[in-house]
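Beneath this line is the structure, given in C-alpha coordinates, with notes to follow.
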2 protein chains.
Amino acid sequence: MGRKRFADINCGVGQALEAVGDWWSLMIVRDAVFGIRRFSDFAESLGVAKNILTTRLDHLVAHGIFEKVDVGSTGTRFEYQLTDKGEALLPVLIALREWSDEWVFGRGHEPIIIHDQRTGRRVPKLRVLASDGRPLSPRDLRAVPGPGASEDTIQRLRRSP
Amino acid sequence: MGRKRFADINCGVGQALEAVGDWWSLMIVRDAVFGIRRFSDFAESLGVAKNILTTRLDHLVAHGIFEKVDVGSTGTRFEYQLTDKGEALLPVLIALREWSDEWVFGRGHEPIIIHDQRTGRRVPKLRVLASDGRPLSPRDLRAVPGPGASEDTIQRLRRSP
DNA sequence: AAAATCTGGTTGCGTAATGCAACCAAGCGT
DNA sequence: ACGCTTGGTTGCATTACGCAACCAGATTTT
(Lines give C-alpha, C1' and ligand atoms only; values in the text may rest on other atoms or scores of the structure.)
Protein backbone atom coordinates (compact mmCIF):
# COMPACT_ATOMS: atom_id res chain seq x y z
CA MET A 1 0.00 0.00 0.00
CA GLY A 2 2.92 2.27 -0.50
CA ARG A 3 4.51 4.22 2.20
CA LYS A 4 2.46 5.53 5.03
CA ARG A 5 2.19 9.28 5.19
CA PHE A 6 3.01 11.44 8.15
CA ALA A 7 0.86 14.29 6.97
CA ASP A 8 -1.82 13.61 9.55
CA ILE A 9 0.61 13.45 12.41
CA ASN A 10 0.34 16.70 14.31
CA CYS A 11 4.07 16.97 14.75
CA GLY A 12 6.58 19.29 13.22
CA VAL A 13 9.14 16.63 12.49
CA GLY A 14 6.60 14.50 10.64
CA GLN A 15 5.32 17.46 8.69
CA ALA A 16 8.80 18.45 7.65
CA LEU A 17 9.63 14.94 6.51
CA GLU A 18 6.37 14.79 4.59
CA ALA A 19 7.00 18.10 2.84
CA VAL A 20 10.54 17.19 1.89
CA GLY A 21 9.35 13.84 0.63
CA ASP A 22 12.06 11.28 1.12
CA TRP A 23 15.74 10.62 1.45
CA TRP A 24 16.44 11.45 -2.19
CA SER A 25 14.71 14.77 -1.88
CA LEU A 26 16.99 15.81 0.93
CA MET A 27 20.03 14.84 -1.11
CA ILE A 28 18.66 16.91 -3.98
CA VAL A 29 18.32 19.90 -1.67
CA ARG A 30 21.85 19.29 -0.47
CA ASP A 31 23.13 19.41 -4.03
CA ALA A 32 21.14 22.56 -4.66
CA VAL A 33 22.72 24.23 -1.64
CA PHE A 34 26.07 23.58 -3.27
CA GLY A 35 24.96 25.20 -6.48
CA ILE A 36 23.45 22.49 -8.66
CA ARG A 37 20.38 23.61 -10.58
CA ARG A 38 19.92 21.51 -13.66
CA PHE A 39 18.15 18.21 -14.10
CA SER A 40 21.08 16.39 -15.65
CA ASP A 41 23.51 17.68 -13.05
CA PHE A 42 21.34 16.36 -10.23
CA ALA A 43 21.07 13.05 -12.04
CA GLU A 44 24.81 12.73 -12.48
CA SER A 45 25.78 14.01 -9.05
CA LEU A 46 23.46 11.69 -7.17
CA GLY A 47 23.44 8.72 -9.52
CA VAL A 48 19.67 8.69 -9.29
CA ALA A 49 17.42 7.26 -11.99
CA LYS A 50 15.78 9.95 -14.07
CA ASN A 51 12.24 8.86 -13.40
CA ILE A 52 12.90 9.01 -9.67
CA LEU A 53 14.49 12.41 -10.04
CA THR A 54 11.47 13.62 -11.99
CA THR A 55 8.99 12.64 -9.31
CA ARG A 56 11.14 14.09 -6.52
CA LEU A 57 11.65 17.41 -8.25
CA ASP A 58 7.93 17.61 -9.01
CA HIS A 59 7.18 16.95 -5.35
CA LEU A 60 9.68 19.55 -4.18
CA VAL A 61 8.29 22.12 -6.60
CA ALA A 62 4.73 21.31 -5.48
CA HIS A 63 5.76 21.94 -1.88
CA GLY A 64 7.44 25.23 -2.69
CA ILE A 65 10.95 24.08 -1.89
CA PHE A 66 12.14 24.48 -5.46
CA GLU A 67 10.99 26.73 -8.24
CA LYS A 68 11.19 25.48 -11.82
CA VAL A 69 12.47 28.32 -13.94
CA ASP A 70 12.52 28.41 -17.72
CA VAL A 71 15.89 29.72 -18.85
CA GLY A 72 15.30 28.81 -22.48
CA SER A 73 17.43 31.49 -24.12
CA THR A 74 20.48 29.28 -24.20
CA GLY A 75 20.35 25.56 -24.91
CA THR A 76 19.72 24.77 -21.26
CA ARG A 77 16.04 25.07 -20.72
CA PHE A 78 15.15 24.72 -17.08
CA GLU A 79 16.65 25.40 -13.74
CA TYR A 80 15.43 24.15 -10.42
CA GLN A 81 16.15 26.93 -7.98
CA LEU A 82 15.83 26.74 -4.22
CA THR A 83 13.18 29.03 -2.81
CA ASP A 84 13.50 30.75 0.56
CA LYS A 85 11.60 27.82 2.00
CA GLY A 86 14.13 25.48 0.47
CA GLU A 87 17.11 27.49 1.65
CA ALA A 88 15.66 27.42 5.13
CA LEU A 89 16.44 23.70 5.23
CA LEU A 90 20.10 24.60 5.57
CA PRO A 91 20.20 24.01 9.35
CA VAL A 92 18.80 20.51 8.80
CA LEU A 93 21.56 19.67 6.33
CA ILE A 94 24.26 21.22 8.48
CA ALA A 95 23.01 19.29 11.50
CA LEU A 96 23.08 16.01 9.59
CA ARG A 97 26.57 16.64 8.27
CA GLU A 98 27.91 17.58 11.67
CA TRP A 99 26.39 14.48 13.18
CA SER A 100 28.07 12.17 10.69
CA ASP A 101 31.35 14.06 10.97
CA GLU A 102 31.36 13.26 14.65
CA TRP A 103 29.66 9.87 14.83
CA VAL A 104 30.27 8.18 11.48
CA PHE A 105 33.57 9.47 10.14
CA GLY A 106 35.03 10.67 13.41
CA ARG A 107 36.90 13.87 14.08
CA GLY A 108 39.84 14.30 11.75
CA HIS A 109 38.19 12.24 9.00
CA GLU A 110 35.59 14.66 7.72
CA PRO A 111 35.24 14.44 3.94
CA ILE A 112 34.06 18.02 3.60
CA ILE A 113 34.59 21.13 5.67
CA ILE A 114 32.28 24.11 5.36
CA HIS A 115 33.82 27.54 5.43
CA ASP A 116 32.37 31.00 5.66
CA GLN A 117 33.21 32.37 2.24
CA ARG A 118 33.75 35.88 3.55
CA THR A 119 36.09 35.22 6.42
CA GLY A 120 37.44 31.85 5.29
CA ARG A 121 36.85 30.47 8.77
CA ARG A 122 35.06 27.25 9.60
CA VAL A 123 31.38 27.50 10.33
CA PRO A 124 30.95 26.95 14.08
CA LYS A 125 29.15 23.84 15.19
CA LEU A 126 25.39 24.08 15.39
CA ARG A 127 24.25 23.56 18.96
CA VAL A 128 20.99 23.51 20.84
CA LEU A 129 21.48 26.10 23.53
CA ALA A 130 19.33 27.48 26.30
CA SER A 131 18.67 31.19 26.43
CA ASP A 132 21.54 31.55 28.87
CA GLY A 133 23.91 29.76 26.50
CA ARG A 134 24.12 26.40 28.23
CA PRO A 135 23.99 23.38 25.89
CA LEU A 136 20.78 21.37 26.13
CA SER A 137 20.26 17.62 25.92
CA PRO A 138 16.95 15.82 25.36
CA ARG A 139 16.44 15.45 29.11
CA ASP A 140 16.58 19.20 29.58
CA LEU A 141 13.65 19.76 27.27
CA ARG A 142 9.95 19.84 27.85
CA ALA A 143 7.35 19.90 25.10
CA VAL A 144 4.16 21.83 25.70
CA PRO A 145 1.17 22.30 23.40
CA GLY A 146 1.46 25.32 21.13
CA PRO A 147 -1.30 27.48 19.64
CA GLY A 148 -1.83 25.01 16.80
CA ALA A 149 -1.96 21.88 18.94
CA SER A 150 -4.68 19.37 18.14
CA GLU A 151 -6.63 17.63 20.88
CA ASP A 152 -4.62 14.53 20.08
CA THR A 153 -1.34 16.34 20.63
CA ILE A 154 -2.54 17.77 23.92
CA GLN A 155 -3.53 14.30 25.14
CA ARG A 156 -0.21 12.86 24.13
CA LEU A 157 1.79 15.56 25.86
CA ARG A 158 -0.28 15.17 29.00
CA ARG A 159 0.54 11.47 29.19
CA SER A 160 4.28 11.85 28.71
CA PRO A 161 6.20 13.21 31.74
CA MET B 1 16.07 -3.71 -6.36
CA GLY B 2 14.85 -1.87 -3.34
CA ARG B 3 16.09 1.49 -2.36
CA LYS B 4 19.48 2.66 -3.40
CA ARG B 5 21.96 3.13 -0.61
CA PHE B 6 23.90 6.28 0.07
CA ALA B 7 26.63 4.49 1.97
CA ASP B 8 29.15 4.85 -0.82
CA ILE B 9 28.52 8.54 -1.24
CA ASN B 10 31.39 10.36 0.38
CA CYS B 11 29.15 12.96 1.90
CA GLY B 12 28.15 13.57 5.46
CA VAL B 13 24.50 14.09 4.72
CA GLY B 14 24.26 10.82 2.83
CA GLN B 15 26.11 8.96 5.55
CA ALA B 16 23.84 10.33 8.23
CA LEU B 17 20.72 9.40 6.29
CA GLU B 18 22.12 5.94 5.72
CA ALA B 19 22.93 5.41 9.38
CA VAL B 20 19.55 6.62 10.52
CA GLY B 21 17.88 4.38 7.97
CA ASP B 22 14.68 5.97 6.81
CA TRP B 23 11.87 8.34 7.62
CA TRP B 24 10.36 6.01 10.22
CA SER B 25 13.67 5.72 12.00
CA LEU B 26 13.83 9.45 12.48
CA MET B 27 10.31 9.48 13.87
CA ILE B 28 11.30 6.72 16.25
CA VAL B 29 14.26 8.78 17.43
CA ARG B 30 11.92 11.73 17.86
CA ASP B 31 9.64 9.68 20.08
CA ALA B 32 12.63 8.50 22.06
CA VAL B 33 13.75 12.06 22.64
CA PHE B 34 10.36 12.67 24.22
CA GLY B 35 10.77 9.72 26.51
CA ILE B 36 9.35 6.69 24.75
CA ARG B 37 11.35 3.53 25.27
CA ARG B 38 9.15 0.50 24.81
CA PHE B 39 8.26 -1.40 21.68
CA SER B 40 4.53 -1.16 22.11
CA ASP B 41 4.66 2.54 22.94
CA PHE B 42 6.54 3.28 19.74
CA ALA B 43 4.05 1.18 17.80
CA GLU B 44 1.07 3.00 19.26
CA SER B 45 2.55 6.47 19.11
CA LEU B 46 3.58 6.24 15.48
CA GLY B 47 0.89 3.92 14.16
CA VAL B 48 3.58 1.86 12.50
CA ALA B 49 3.20 -1.84 11.72
CA LYS B 50 5.06 -4.04 14.14
CA ASN B 51 7.20 -5.77 11.55
CA ILE B 52 8.34 -2.40 10.22
CA LEU B 53 9.08 -1.23 13.74
CA THR B 54 11.09 -4.38 14.39
CA THR B 55 13.34 -3.88 11.37
CA ARG B 56 13.85 -0.19 12.12
CA LEU B 57 14.73 -0.73 15.76
CA ASP B 58 17.13 -3.51 14.76
CA HIS B 59 18.76 -1.16 12.28
CA LEU B 60 19.03 1.63 14.81
CA VAL B 61 20.52 -0.72 17.39
CA ALA B 62 22.99 -2.06 14.81
CA HIS B 63 24.11 1.48 14.09
CA GLY B 64 24.55 2.34 17.75
CA ILE B 65 21.75 4.88 17.89
CA PHE B 66 19.69 2.82 20.32
CA GLU B 67 20.65 0.28 22.91
CA LYS B 68 18.32 -2.62 23.62
CA VAL B 69 18.23 -3.10 27.35
CA ASP B 70 16.70 -6.04 29.16
CA VAL B 71 14.69 -4.71 32.07
CA GLY B 72 13.07 -8.07 32.80
CA SER B 73 12.51 -7.66 36.52
CA THR B 74 9.03 -6.26 36.02
CA GLY B 75 6.63 -7.49 33.37
CA THR B 76 8.06 -5.11 30.81
CA ARG B 77 11.03 -6.83 29.34
CA PHE B 78 12.95 -4.55 27.01
CA GLU B 79 13.67 -0.92 26.63
CA TYR B 80 15.16 0.80 23.64
CA GLN B 81 17.31 3.57 25.03
CA LEU B 82 18.97 6.32 23.03
CA THR B 83 22.75 6.19 23.14
CA ASP B 84 24.91 9.32 23.11
CA LYS B 85 25.10 8.90 19.36
CA GLY B 86 21.33 8.84 19.21
CA GLU B 87 20.92 11.83 21.49
CA ALA B 88 23.32 13.70 19.25
CA LEU B 89 20.61 13.70 16.58
CA LEU B 90 18.74 16.28 18.64
CA PRO B 91 19.87 19.23 16.51
CA VAL B 92 18.55 17.46 13.40
CA LEU B 93 15.14 17.01 14.98
CA ILE B 94 15.04 20.54 16.32
CA ALA B 95 16.00 21.91 12.93
CA LEU B 96 13.24 19.94 11.23
CA ARG B 97 10.66 21.04 13.76
CA GLU B 98 11.65 24.66 13.52
CA TRP B 99 11.50 24.52 9.75
CA SER B 100 7.96 23.18 9.72
CA ASP B 101 6.90 25.63 12.43
CA GLU B 102 7.91 28.44 10.15
CA TRP B 103 7.17 27.08 6.67
CA VAL B 104 4.39 24.53 7.09
CA PHE B 105 2.30 25.59 10.07
CA GLY B 106 3.32 29.23 10.13
CA ARG B 107 4.15 31.34 13.13
CA GLY B 108 1.45 31.28 15.73
CA HIS B 109 0.26 27.84 14.67
CA GLU B 110 2.98 25.64 16.11
CA PRO B 111 1.54 22.39 17.49
CA ILE B 112 4.34 21.97 20.00
CA ILE B 113 6.67 24.37 21.75
CA ILE B 114 9.90 23.23 23.32
CA HIS B 115 10.89 24.69 26.66
CA ASP B 116 14.04 24.51 28.70
CA GLN B 117 12.85 22.51 31.68
CA ARG B 118 15.09 24.37 34.10
CA THR B 119 14.26 27.93 33.22
CA GLY B 120 10.87 27.35 31.61
CA ARG B 121 11.87 29.56 28.71
CA ARG B 122 11.56 28.69 25.05
CA VAL B 123 14.57 27.13 23.42
CA PRO B 124 16.07 29.77 21.13
CA LYS B 125 15.93 29.13 17.42
CA LEU B 126 18.77 27.11 15.97
CA ARG B 127 20.73 29.15 13.47
CA VAL B 128 23.72 28.73 11.24
CA LEU B 129 26.01 31.53 12.30
CA ALA B 130 29.46 32.66 11.26
CA SER B 131 32.17 32.92 13.88
CA ASP B 132 31.38 36.61 14.23
CA GLY B 133 27.71 35.85 14.84
CA ARG B 134 26.26 36.88 11.48
CA PRO B 135 23.63 34.48 10.10
CA LEU B 136 24.77 32.48 7.08
CA SER B 137 22.82 31.47 3.99
CA PRO B 138 23.83 28.80 1.44
CA ARG B 139 25.48 31.42 -0.75
CA ASP B 140 27.81 32.43 2.07
CA LEU B 141 29.24 28.95 2.36
CA ARG B 142 32.09 27.24 0.62
CA ALA B 143 32.82 23.53 0.87
CA VAL B 144 36.43 22.43 0.83
CA PRO B 145 37.84 18.90 1.04
CA GLY B 146 38.50 17.71 4.57
CA PRO B 147 41.10 15.23 5.84
CA GLY B 148 38.85 12.30 4.93
CA ALA B 149 37.97 13.45 1.44
CA SER B 150 38.06 10.85 -1.31
CA GLU B 151 39.51 11.63 -4.73
CA ASP B 152 35.96 11.71 -5.99
CA THR B 153 34.94 14.34 -3.47
CA ILE B 154 37.98 16.46 -4.32
CA GLN B 155 37.12 16.33 -8.00
CA ARG B 156 33.53 17.26 -7.35
CA LEU B 157 34.43 20.22 -5.17
CA ARG B 158 36.93 21.41 -7.74
CA ARG B 159 34.26 21.48 -10.42
CA SER B 160 31.68 23.38 -8.39
CA PRO B 161 32.39 27.10 -7.88
C1' DA C 1 19.99 20.66 -45.26
C1' DA C 2 20.87 16.59 -42.81
C1' DA C 3 22.86 14.38 -39.05
C1' DA C 4 24.43 14.17 -34.58
C1' DT C 5 24.09 15.88 -29.76
C1' DC C 6 22.24 17.68 -25.65
C1' DT C 7 18.56 18.29 -22.38
C1' DG C 8 14.82 16.77 -20.00
C1' DG C 9 12.21 13.77 -19.67
C1' DT C 10 8.48 9.06 -20.24
C1' DT C 11 7.52 4.06 -20.52
C1' DG C 12 7.93 -0.95 -19.30
C1' DC C 13 9.30 -4.28 -16.52
C1' DG C 14 11.38 -7.03 -12.74
C1' DT C 15 12.60 -6.80 -7.80
C1' DA C 16 12.44 -5.12 -3.23
C1' DA C 17 10.07 -2.80 0.47
C1' DT C 18 5.71 -1.56 2.80
C1' DG C 19 1.33 -2.37 5.35
C1' DC C 20 -2.08 -5.21 7.24
C1' DA C 21 -3.72 -8.92 9.70
C1' DA C 22 -3.22 -13.15 11.78
C1' DC C 23 -0.57 -15.93 14.59
C1' DC C 24 2.82 -17.04 18.37
C1' DA C 25 5.29 -17.59 22.79
C1' DA C 26 7.25 -16.31 27.18
C1' DG C 27 6.06 -14.00 31.70
C1' DC C 28 2.94 -12.35 34.95
C1' DG C 29 -1.30 -11.67 37.66
C1' DT C 30 -5.15 -13.94 39.94
C1' DA D 1 -5.01 -23.24 35.20
C1' DC D 2 -6.44 -19.31 32.70
C1' DG D 3 -6.14 -15.30 30.44
C1' DC D 4 -3.63 -10.82 29.58
C1' DT D 5 0.32 -8.12 28.24
C1' DT D 6 4.55 -7.54 25.79
C1' DG D 7 7.25 -8.18 21.99
C1' DG D 8 7.52 -9.94 18.40
C1' DT D 9 7.20 -13.38 13.46
C1' DT D 10 4.91 -14.95 9.21
C1' DG D 11 2.16 -14.60 4.81
C1' DC D 12 0.31 -12.14 1.43
C1' DA D 13 -1.33 -8.25 -1.49
C1' DT D 14 0.05 -3.70 -2.99
C1' DT D 15 3.22 -0.21 -3.99
C1' DA D 16 7.48 2.05 -4.95
C1' DC D 17 12.20 1.74 -6.66
C1' DG D 18 15.88 1.07 -10.12
C1' DC D 19 17.43 0.08 -14.58
C1' DA D 20 17.43 0.46 -19.32
C1' DA D 21 15.36 1.70 -23.43
C1' DC D 22 13.02 5.00 -25.89
C1' DC D 23 11.52 9.76 -27.22
C1' DA D 24 10.93 14.71 -28.67
C1' DG D 25 12.27 19.46 -29.11
C1' DA D 26 16.16 22.56 -29.66
C1' DT D 27 20.90 23.38 -30.78
C1' DT D 28 25.22 22.39 -32.86
C1' DT D 29 28.02 20.17 -36.31
C1' DT D 30 29.16 18.77 -41.01
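Chain identifiers are assigned alphabetically (A, B, ...) following the order of the sequence lines, protein sequences preceding nucleic acid strands; residue numbering begins at 1 within each chain.
The B:Lys68 side chain lies nearest to D:dG8 when the options are C:dG8, C:dA17, D:dG8. Considering only side-chain atoms of A:Lys4, the nucleotide from C:dT10, D:dG18, C:dG19 that sits closest is C:dG19.
For B:Arg77 against D:dT6, a side-chain N or O and a base N or O form a donor-acceptor pair under 3.5 Å. Remark: the B:Lys50 side chain and the D:dG8 base include a donor-acceptor N/O pair separated by less than 3.5 Å.
The CD-P distance, from B:Glu44 to D:dG8, rounds to 16 Å in whole Å. Here the C1' atom of nucleotide D:dC17 and the NE2 atom of A:His59 are 16 Å apart, to the nearest Å. To the nearest angstrom, P of D:dT14 lies 17 Å from CD1 of B:Ile52. Atom CZ in A:Arg3 sits roughly 21 Å away from atom P in C:dA16 (whole-Å rounding).
For the pair A:Lys4 (side chain) and B:Trp24 (backbone), a donor-acceptor distance under 3.5 Å is absent. With hydrogens and angles disregarded, no donor-acceptor distance shorter than 3.5 Å links the side chain of B:His109 to the backbone of B:Asp101.
Taking side-chain N and O atoms only, B:Trp24 has no distance below 4.0 Å to OP1 or OP2 of C:dT18.
Classified by interplanar angle (parallel below 30°, tilted 30° to 60°, perpendicular above 60°), the ring pair A:Phe42/A:Tyr80 is perpendicular.
Residue whose closest nucleotide on DNA chain D sits further toward the 5' end, between B:Ser40 and A:Ala49: B:Ser40. Between B:Asn51 and A:Asp22, it is B:Asn51 whose nearest contact on DNA chain D lies nearer the 5' terminus.
For the pair A:Asp116 and B:Arg134, the salt-bridge criterion is met [side-chain N within less than 4.0 Å of a carboxylate O].
Contact annotation for B:Tyr80: backbone-only contact, meaning every heavy-atom pair under 4.0 Å involves sugar-phosphate atoms and none involves a base. The residue A:Trp23 sits apart from the nucleic acid: no heavy atom pair falls under 4.0 Å.
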